[in-house]
Protein chains: 2
Amino acid sequence: MPGIRETKKKETRQAIMQAAMTLFSEKGFDQTSIEELAKAAGIGKGTIYGYFQTKTDILHAFCEDELERLHQELTSNADQEIPILQQMVSIYMAEFKKITENREFARLFMQQTAFPRDVDLDRHLEHENDYFKLLFPLLEKAQERGELRKDVELLYITGHFYGLYLLLVSAWFSGRVQTEEASMALQTLFRQAIEGLHPRPEPLSNEGNKHV
Amino acid sequence: MPGIRETKKKETRQAIMQAAMTLFSEKGFDQTSIEELAKAAGIGKGTIYGYFQTKTDILHAFCEDELERLHQELTSNADQEIPILQQMVSIYMAEFKKITENREFARLFMQQTAFPRDVDLDRHLEHENDYFKLLFPLLEKAQERGELRKDVELLYITGHFYGLYLLLVSAWFSGRVQTEEASMALQTLFRQAIEGLHPRPEPLSNEGNKHV
DNA sequence: GAGTATTTTCGACTCCAGTCAACTTTTTTT
DNA sequence: AAAAAAAGTTGACTGGAGTCGAAAATACTC
């Protein structure tokens with residue numbers, strides 16, 4: 001039996017996030033005041049701070065939820081036998097598309113995710129570990145198939161892909177990469193990461209070197 | 001002849017940044033109010049907004065100045081004949097060390113640099129281009145020496161290194177990489193990026209594969 | 001089910017970033 | 001060198017994020 005309290009807490013939390021997303025989308029993050037938001041959610045201003053530490057946290061929690069759901073989807077649909085390059089491109093492009101739906105949300109979310117405040121560290125690490133649980137098995141299988149070096153820790157391999165993902169998002173913000181070019185750019189970067197930046201006498205396969 | 005106005009503008013700007021850094025360092029960014037800062041700089045509160053758009057901008061401008069100076073230094077000291085791996089590690093570790101001197105500054109600076117607001121885009125791109133002017137010649141020489149593929153655009157090569165740098169800083173914030181380990185971690189990542197994540201029958205040289 | 005403890009809600013309040021219209025200083029014009 | 005224009009300075013003011021202590025709601029105890 002959940003108890004009145006627990007039930008209401010979940011409901012209220014949802015109500016806040018729901019109201020927040022509606023208002024943030026309609027009027028923008030800065031143009032929405034907490035007081036307004038509280039009224040829309042049918043609660044008092046102070047109550048919000050029993051659920052979230054800051055205004056940004058509301059947005060961040062929403063984005064994390066959305067991505068969590070996306071990851072569930074990706075995990076169930078994943079075809080673990082296609083080349084790791086394509087798997088990684090699919091996963092990170094799905095994330096990229098989701099995140100870049102709203103530029104303002106994306107900025108605030110990425111700022112906190114990539115460079116989190118110390119108070120958020122625990123939550124952040126937990127979330128990251130969930131992500132690893134999705135990625136590691138795929139990378140491990142790719143290692144077995146001989147597509148990835150076995151002498152590189154999975155954490156580092158993930159790092160390479162995640163680093164390039166960060167780069168892509170950053171380049172998108174600065175306007176160096178357009179939304180339509182993103183998929184191509186990420187694929188190119190990932191392929192180069194796999195092939196290496198060092199020149200080699202003979203190409204590894206004939207898929208390579210078609211694009212810069 | 002500079003004119004009274006121009007001279008004073010530069011002085012005032014310096015006074016603001018100077019006072020800001022003293023106070024931010026002593027009391028922390030959030031604990032320092034603009035009014036306090038204005039008093040310390042010997043000017044009125046409103047005047048600050050004739051020089052900087054936001055409180056964060058003051059910090060950001062300071063960090064950019066510091067990094068600019070660092071780049072000058074790096075450019076003049078650069079030995080363009082040592083392996084590109086070492087050159088890149090030196091440059092990015094210098095930046096890492098500078099930036100991580102103060103955790104709070106680092107967070108605010110990186111958040112704005114990696115995911116800039118639209119109003120800051122022009123300044124940001126200009127600054128990035130200056131950076132490229134430092135890096136491109138080094139990378140080009142490395143291509144000539146056969147250390148880097150010639151079929152990958154310089155912008156992309158820079159991207160690989162910068163992406164891994166972002167990753168390192170992000171991992172430092174999350175506590176996955178300690179300050180003392182950073183240099184080793186970056187070197188490993190950069191070497192892996194050069195060698196590639198794909199396994200190869202015979203190692204390229206005997207420097208490789210010693211660390212994960 | 002009355003009484004006590006604990007958790008949650010609330011909005012008046014504090015504090016501060018950022019604005020703005022009046023004012024001062026410098027430059028340009030005549 | 002006086003007048004007009006332009007650029008820079010200022011602090012009282014505004015609006016909103018986040019706090020806090022009192023009040024309400026729920027949960028425990030006998």
Side-chain angles (χ1 to χ4, degrees), chain A residues 1-21 23-24 26-62 104-105 107-108 111-112 117-120, chain B residues 1-21 23-24 26-62 104-105 107-108 111-112 117-120:
Chain A
M1 62 235 94
I4 294 174
R5 213 155 233 172
E6 239 175 298
T7 313
K8 264 213 330 203
K9 277 215 104 174
K10 284 215 180 81
E11 278 174 10
T12 306
R13 195 186 150 88
Q14 265 321 109
I16 295 171
M17 296 212 325
Q18 179 55 51
M21 283 317 111
L23 290 172
F24 289 169
E26 276 174 9
K27 319 181 41 179
F29 181 81
D30 286 333
Q31 282 64 50
T32 305
S33 78
I34 288 282
E35 206 144 5
E36 214 175 343
L37 177 46
K39 189 169 277 178
I43 58 175
K45 178 178 180 174
T47 306
I48 290 185
Y49 291 90
Y51 293 85
F52 301 95
Q53 300 206 18
T54 65
K55 190 180 173 186
T56 320
D57 271 359
I58 307 173
L59 182 66
H60 200 264
F62 174 80
E104 194 177 26
F105 293 5
R107 186 180 297 111
L108 293 165
Q111 286 181 344
Q112 275 215 25
R117 293 170 307 167
D118 294 348
V119 256
D120 295 329
Chain B
M1 62 235 94
I4 294 174
R5 211 155 236 172
E6 242 174 295
T7 312
K8 260 206 344 202
K9 278 215 103 173
K10 284 217 181 80
E11 277 175 11
T12 306
R13 194 186 152 88
Q14 265 319 110
I16 295 171
M17 297 212 326
Q18 179 55 52
M21 284 317 111
L23 290 172
F24 289 169
E26 276 173 10
K27 319 182 43 181
F29 181 80
D30 287 333
Q31 283 64 50
T32 304
S33 77
I34 289 282
E35 206 143 5
E36 215 176 342
L37 176 47
K39 189 169 279 178
I43 56 174
K45 179 179 181 176
T47 306
I48 291 185
Y49 291 91
Y51 294 85
F52 301 94
Q53 300 207 16
T54 66
K55 190 180 173 185
T56 319
D57 271 359
I58 307 172
L59 182 66
H60 200 264
F62 174 80
E104 194 176 26
F105 294 5
R107 186 179 297 111
L108 293 164
Q111 286 180 344
Q112 276 215 26
R117 294 170 307 165
D118 294 349
V119 258
D120 296 330

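Just so it is clear, the values below take in all heavy atoms, side chains as well, and ignore hydrogens, waters and symmetry mates.
A pairwise comparison of heavy atoms in G50(A) and K9(A) identifies O-NZ, 4.4 Å as the closest pair. Listed here is the closest heavy atom pair of Q112(A) and T56(A): NE2-CG2, 3.4 Å. Between M21(A) and F105(A), the shortest heavy-atom contact is SD-CE2, 3.9 Å.
When distances are taken from the side chain of K9(B) to each of dT9(D), dA17(D), dG8(D), the shortest belongs to dG8(D).
The environment of K27(A) atom NZ is dense: over 12 non-hydrogen atoms of other residues, nucleotides or ligands sit within 6.0 angstrom. Summarising the local packing, CD of E36(A) is surrounded by more than 12 heavy atoms from other residues, nucleotides or ligands at distances under 6.0 Å.
What separates OH of Y51(B) from P of dA17(C) is a distance of 20 Å, to the nearest Å. Nucleotide dT24(C) holds its P atom 14 Å from the NZ atom of K8(B), rounded to whole Å. D57(B) places its CG atom 14 Å from the P atom of dA17(C), with the value rounded to the nearest Å. When the P atom of dT14(C) is taken as reference, atom CG of D30(B) falls 21 Å away, rounded to whole Å. Regarding I48(A), its CD1 atom lies at a distance of 12 Å from the C1' atom of dT9(C), rounded to whole Å. I16(A) has its CD1 atom 12 Å from the C1' atom of dT8(C), to the nearest Å. dT9(D) atom C1' lies 9 Å from atom CD1 of I43(B), rounded to whole Å. Summarising the geometry, the separation between NZ on K39(A) and C1' on dC10(C) is reported as 14 Å, rounded to the nearest angstrom.
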Set out, line by line, the N/O atom pairs under 3.5 Å between protein and nucleotides 12-15 of chain D.
none

Polar-atom pairs under 3.5 Å, protein N or O versus N or O of nucleotides 21-23 of chain D: list them with distances, or write none.
none

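Using a 4.5 Å heavy-atom threshold, the side chains of Y49(A) and I34(A) count as touching. You'll find the side chain of Q31(A) stays beyond 4.5 Å of the side chain of L23(A), heavy atoms only. A 4.5 Å side-chain heavy-atom check between Y51(B) and M17(B) finds every atom pair outside the cut-off.
The closest donor-acceptor contact from the side chain of K55(B) to the backbone of T32(B) lies under 3.5 Å.
In this model, the phosphate group of dT8(C) is not approached by any side-chain N or O of T47(A) to a distance below 4.0 Å at OP1 or OP2. Put simply, S33(B) has no side-chain N or O that comes within less than 4.0 Å of OP1 or OP2 on dC16(C).
Contacts of T32(B) with the nucleic acid, taken as non-hydrogen atoms under 4.0 Å apart, involve only primed sugar atoms and P, OP1 or OP2.
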